[in-house]
Every structure is written in C-alpha cells, then in structure tokens.
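Heads up, the thing below is written out as structure tokens.
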Amino acid sequence: MASQIRVRFAPSPTGYLHIGGARTALFNWLFAQHHGGTFVLRVEDTDRARNTEEAAAAIYEGLQWLGLNWDEGPHVGGDFGPYFQSQRNEIYERYLKKLQDAGHIFEDQGALRFRSPREHVIVDDLVCGKIDFDLSNEQTHPDMTVRRPDGSWIFHFVNVIDDIEMKISHVIRGEDHLSNTPKHIELYRALGAGTPHFAHIPLILNRDGSKMSKRDQGASVDYYIKRGFLPEAVRNYLCLLGWSPKDNREKIPIEEIIPLFDLNKVVRSHATFDPDKLHWLNGEYARELPDDRFQQLGRNALRASGVKLENFCDDYIRAALETCKGKINTFDELAAYCGFYFDDNFNYNPEGAAKHFTSENQPRLVAVRDAFAVLDKFDAAELEATLKATAARLGIKPAALIHPTRLAVTGSNAGPSLYHLLEVLGKEKVLARIDRALTIGR
RNA sequence: GGCGCGUUCGUCUAGUGGUUAGGACACAGCCCUCUCAAGGCUGGUGCACGGGUUCGACUCCCGUACGCGCUGCCA
C-alpha cells in the first residue's frame, strides 16, 4: 500500500542550486524515503519564465549529483503535472475564480488582492512547535497580492494552490517562510482545503552570521562539484547541519540516515556552514574509496588541472595515483600533490631547497644517485634497502638522505611514500631528476 | 518600527531539574613514522545577561541583549 506522504522541493530557477536549497531538498527527500512517500520537484518560475530550462538545469544537476532523485517533476513526469508554474496558468485561473466567487478577492489599482479574515492563526509546526500569529491588524499585515496587473502570479498564491493540487502532505521548507505560513493558511481555508503539515528548517549561515548568498564562495553546490568533493560526503555533511543522529556519529551512510531521520530531531537554531568540517568529512570518504572509483576521479581531476594524461601510459598513471590513495581530502588537491609524476620541469619548494640542497648534502645526493644507478631491480623494497645501506655507509641517518632525495625528484617536502614514488617514476627519471637537482642545487 | 524564531566550546552538535556539561571539526603538544597524511594519546576554550520558580537550574517562567527571518505587485 502506497504511503500518502507527499513532499516537494520547489526552487526558483536561478541558474544555480544554493547549498541551503540543497539541504532543504535533502530533508524533503529523506522524509519521503523514510516514510516511503513521494518526493516532488516543482519549478517555481512565475516571474522569469524565459530561460527556465537553462536556469533549471543547474538545479537538476545539483540534485542528481547529490543523489536526490525526484519521483515526480521535470523529465520524469507524474500525475500532477505540469511541474512548471509557468505552465499551470489555467489551474490558477480556476482557483482565482473560486476565490472571487466567494468574495475573497478585491482589485487594487489593477492588482488583485486576497482579503484577510483578520484573525489569529495558529501554525503548528513540526520543528518550531505551535506559534500564534495575530493577523487582525491591517496595518501590520496588509492583504496580500495574488496577481499583478500584468496577469502574472504572486508566489504565495501559486505556491499554495500547487501544494493543494499536488496533494502535498508535508511542507518542509526554509525558516524564512515561517512568517509567511499564516497567510498561506488563510488561503487554504478560503479555498476550503485542508492544510498540510508544516516543518520549517533553520537557515544555513556564513561564518560571519550572514545569510549565504549567491556571491558567497561555496554557496552553490556547483562549487563542490568543481572542486572534486564527493557527493556522498557533501550530502552527509548537509545532513549534520540542523539534524543529528544523537549518537555522536559523524560519518553515516545515507542508508542508515534514512531510517533515523525524523523532523522532530531537526534542530531549531540556525547553523553556520563549516568548510573545514566538510573538508575533513570528504577526506573520510575519499580514504575508503574503491580503487576503480579513486582512479576514475583522480584522472578526471588531473585532466581538469591541465595534466596531459594522454602522454603517459595507463600503468604509469595507475601506479602514480595508487601512491596518492588516502593522502588527499578533496580531488582538487591531487594535482598539487602528485603533479611531479607528470612534469619534469617542476620548481623546488624554496624553503625545502634552502634546507636540504646544502653543500653538505651535495655529496650525499651523489652517493644516493650512484647507488641507485647500479640497481637492476628498481622497486620500493630494493630502493629502501639501498638508501638505508648508503646512509649506513656514510654514517648518517636515513632521513639525511631521504629529504634531499624527495626534494630532488618531486620538488616538494611532502608527498607519497618516497620509495614507492621512486619505483613509479622509474630509474631513468629518478637519475635524471637527481642530476638536475645537483646542478641547480649548488 | 511591528511580528516571529533563535541563543551549550571558534564551528556543528549531545543534553530535557541533581552530569567531572559528552562527541566531532579546527587548534596545540606528544607518540607512531621515509615526508605529508592517516591513526593513537593529551590539552585549552562553552551553557549570552538579569531576575524569578525550586532543596537544587544549561535544562522551567519572565525580562534584557544580540542574531536571523518576515513585514513586496521577489521566491
């Protein structure tokens, strides 16, 4: 038996999916998943119907990336369409007529307004609790406009009608709509429709307490797609913003969140978006990625950074990426981390060069080079043994050789395991790079 | 201005009258270690303020402050 739970995400096609909108969509989706209900996507394009498809594409892309697939809406259809407000004019006309016939509508300079009954309206919110709004004062609560003189519709009106028509059972939306809710309820009543359940979820703010807006870095889901974040990590992080499993877990698979998710566990206060924590959580997911997916995402990231992978053979790329597993948090860090595999003309880290390319280390590096040069097997185990033997012969600690060698072949003080990286690079490149360092380093 | 919501470490949160106020990110130190990560250990920082109620308040009530939202012929 199908559940009667129906929720919707109703974005305006702005050309990007806001991180707060994504979280609202996520909570709706989770609620639907939890109850075996239906998740509807509706595009609220009352105002700017022109480039709707194009502007909505970014929203589809963001939702799909996060795995928030809708059961009804654009592309997938459904029994309550169309799912674009710009195509629902007849429905709105019909409802307007109904209100007009009942005497709820009056004209004001060409615009149409809904006459408020002017009473107290109790909003019984699933997150915020019961709230009493006093709408009796016309000065503070003017009659809302439902239609502009040019015939276009106002959000409050069409939003309510669509929720009625689409049989939405739970309206889960941002807290910025809480104060609008009593007006909406007046409309439901005037239309003789039952009111849905409401749940207003707290807003996501910037570090400085301001509302995240389009201009803020990281306010768009697209930002995380481009920066090589993992959708499951972003989704997990978003779940933790305003909701908690209450058992101290942070990293939770979505399959485990679904049965746990409930509106009454949604926090009432605003949340500040913390990029650091997302970064950490992404690393948690990145570290346990299956090899094939890591390889795929790694290659994508390198190509996006301008690395010409076509100039290298597949085994080499594979081996190179293998040494990076578990080392990066987001894939946009990859090029900086292992770009040396694909570029012989890298620069040396200045601090590192000052510290390790010293006259004292010069002969040591030569010793390493010579030891490596006579090796037949150029694998990690052999390289490690050789380097350590060389250190012992010189009467110094392996570290005294390791650091200059790493800098010489990678240009950096940090990176993948030295012995493995040397193996991947291969004898020819390793020797050439040490030679280059010996020239430049003096 | 009016109305509404909110306020536990810097941040996300647990906590529903009696707790050494817990966890996580970030930060610092130590351990491990071929670097960097990861991992382990340790540490510091918190109940906005003022009144009540109560034997006892982070928890309940009132007020103040601060933040946010709404107050559009934006959504």
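Note that the structure is predicted; figures quoted are calculated from it, not measured. Only heavy atoms go into these numbers, but all of them, side chains included; no hydrogens, no water, no symmetry mates.
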For [X] and [Y], indicate whether the former's side chain and the latter's backbone hold a donor-acceptor pair under 3.5 Å.
{"X": "A:Arg436", "Y": "A:Leu431", "value": "no"}
{"X": "A:Thr410", "Y": "A:Phe340", "value": "no"}
{"X": "A:Asp45", "Y": "A:Gln85", "value": "yes"}
{"X": "A:Asn361", "Y": "A:Phe357", "value": "no"}
{"X": "A:Tyr337", "Y": "A:Gly415", "value": "yes"}
{"X": "A:Arg115", "Y": "A:His104", "value": "no"}

I want to verify a distance call: between [options], whose nearest atom is closest to the [X] side chain?
{"X": "A:Lys246", "options": "B:A75, B:C73, B:G15", "value": "B:G15"}
{"X": "A:Asn180", "options": "B:A14, B:U71, B:G4", "value": "B:U71"}
{"X": "A:Ala271", "options": "B:C70, B:G15, B:C12", "value": "B:C12"}
{"X": "A:Glu44", "options": "B:A75, B:G72, B:C73", "value": "B:A75"}

[N] phosphate, OP1 or OP2: any side-chain N/O from [X] under 4.0 angstrom?
{"X": "A:Lys277", "N": "B:C12", "value": "no"}
{"X": "A:Ser179", "N": "B:U71", "value": "no"}
{"X": "A:Thr46", "N": "B:A75", "value": "yes"}
{"X": "A:Arg113", "N": "B:C73", "value": "yes"}
{"X": "A:Ser269", "N": "B:G6", "value": "no"}
{"X": "A:Arg148", "N": "B:C74", "value": "yes"}

For this session: Given ring pair (Phe, Tyr, Trp, His ring centres under 6.0 Å), test A:His156 with A:His184 step by step and report yes or no.
Result: CA-CA 7 Å; A:His156 302 291; A:His184 295 182; 5.0 Å; yes

Counting Watson-Crick and G-U wobble pairs only, both distances under 3.5 Å, name the nucleotide matched with [N], or none.
{"N": "B:A24", "value": "B:U11"}
{"N": "B:G39", "value": "B:C31"}
{"N": "B:C47", "value": "none"}
{"N": "B:C55", "value": "B:G18"}
{"N": "B:C68", "value": "B:G4"}
{"N": "B:C73", "value": "none"}

Checking [Y] against [X]: is there a side-chain donor and acceptor pair closer than 3.5 Å?
{"X": "A:Asp132", "Y": "A:His120", "answer": "yes"}
{"X": "A:Arg249", "Y": "A:Ser244", "answer": "no"}
{"X": "A:Asn89", "Y": "A:Trp153", "answer": "yes"}
{"X": "A:Arg118", "Y": "A:Asn137", "answer": "no"}

Exercise. Along nucleotides 33-42 of chain B, 5' to 3', which nucleotides get a B, which get an S, and which get a -, given that the test is a protein heavy-atom distance under 4.0 Å?
Worked result: -BBBSSS---

Is [X] touching bases, backbone alone, or none of the nucleic acid, heavy atoms closer than 4.0 Å?
{"X": "A:His141", "value": "nothing"}
{"X": "A:Asp276", "value": "sugar-phosphate"}
{"X": "A:Gly242", "value": "sugar-phosphate"}

Problem set entry | A:Lys327 and A:Glu333 ion-paired at < 4.0 Å |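 Judged by the 4.0 Å cut-off on N to carboxylate O distance, A:Lys327 and A:Glu333 do not form a salt bridge.
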
When the [atom1] atoms of [N] and [M] are considered, how many whole Å apart are they?
{"N": "B:A48", "M": "B:U42", "atom1": "C1'", "value": "31 Å"}
{"N": "B:G6", "M": "B:C49", "atom1": "C1'", "value": "16 Å"}
{"N": "B:C5", "M": "B:C9", "atom1": "P", "value": "22 Å"}
{"N": "B:A21", "M": "B:U8", "atom1": "C1'", "value": "8 Å"}
{"N": "B:G63", "M": "B:A75", "atom1": "P", "value": "36 Å"}
{"N": "B:C58", "M": "B:U53", "atom1": "C1'", "value": "16 Å"}
{"N": "B:C66", "M": "B:G23", "atom1": "P", "value": "34 Å"}
{"N": "B:A14", "M": "B:G22", "atom1": "P", "value": "15 Å"}

In whole angstroms, how far is the [atom2] atom of [N] from the [atom1] atom of [X]?
{"X": "A:Arg249", "N": "B:G22", "atom1": "CZ", "atom2": "P", "result": "21 Å"}
{"X": "A:Asp125", "N": "B:G6", "atom1": "CG", "atom2": "C1'", "result": "13 Å"}
{"X": "A:Leu240", "N": "B:A26", "atom1": "CG", "atom2": "C1'", "result": "16 Å"}
{"X": "A:Arg268", "N": "B:U13", "atom1": "CZ", "atom2": "C1'", "result": "13 Å"}
{"X": "A:Phe84", "N": "B:A75", "atom1": "CZ", "atom2": "P", "result": "17 Å"}
{"X": "A:Asp176", "N": "B:G6", "atom1": "CG", "atom2": "P", "result": "16 Å"}
{"X": "A:Lys251", "N": "B:C12", "atom1": "NZ", "atom2": "C1'", "result": "18 Å"}
{"X": "A:Leu135", "N": "B:G2", "atom1": "CG", "atom2": "C1'", "result": "13 Å"}

Exercise. Looking at NZ of A:Lys97 and CD1 of A:Ile105, how far apart are the two atoms once the value is rounded to the nearest 0.5 Å?
Worked result: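 So the NZ of A:Lys97 and the CD1 of A:Ile105 are separated by 12.5 Å.
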
Problem set entry | Distance in Å, A:Ile402 CD1 paired with A:Leu407 CG, rounded so as to fall on 0.5 Å steps |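 CG of A:Leu407 is found 13.5 Å from CD1 of A:Ile402.
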
Dump the pairs, protein N or O against N or O of nucleotides 43-46 of chain B, anything under 3.5 Å, distances to one decimal.
none

Problem set entry | Residue mapping more 5' on RNA chain B - nearest nucleotide basis, A:Asp134 or A:His279 |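 Final value for this comparison: A:Asp134.
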
Problem set entry | Earlier contact from the 5' end, RNA chain B, for A:Asp274 and A:Arg147 |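 Its nucleotide being nearer the 5' end, the pick is A:Asp274.
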
For this session: Might you work through the side-chain hydrogen bond (donor to acceptor under 3.5 Å, both in side chains) test for A:Asp150 and A:Ser152, ending with a clear yes or no?
Result: CA-CA 6 Å; A:Asp150 69 359; A:Ser152 59; 2.6 Å; yes

Set out, line by line, the N/O atom pairs under 3.5 Å between protein and nucleotides 64-68 of chain B.
none

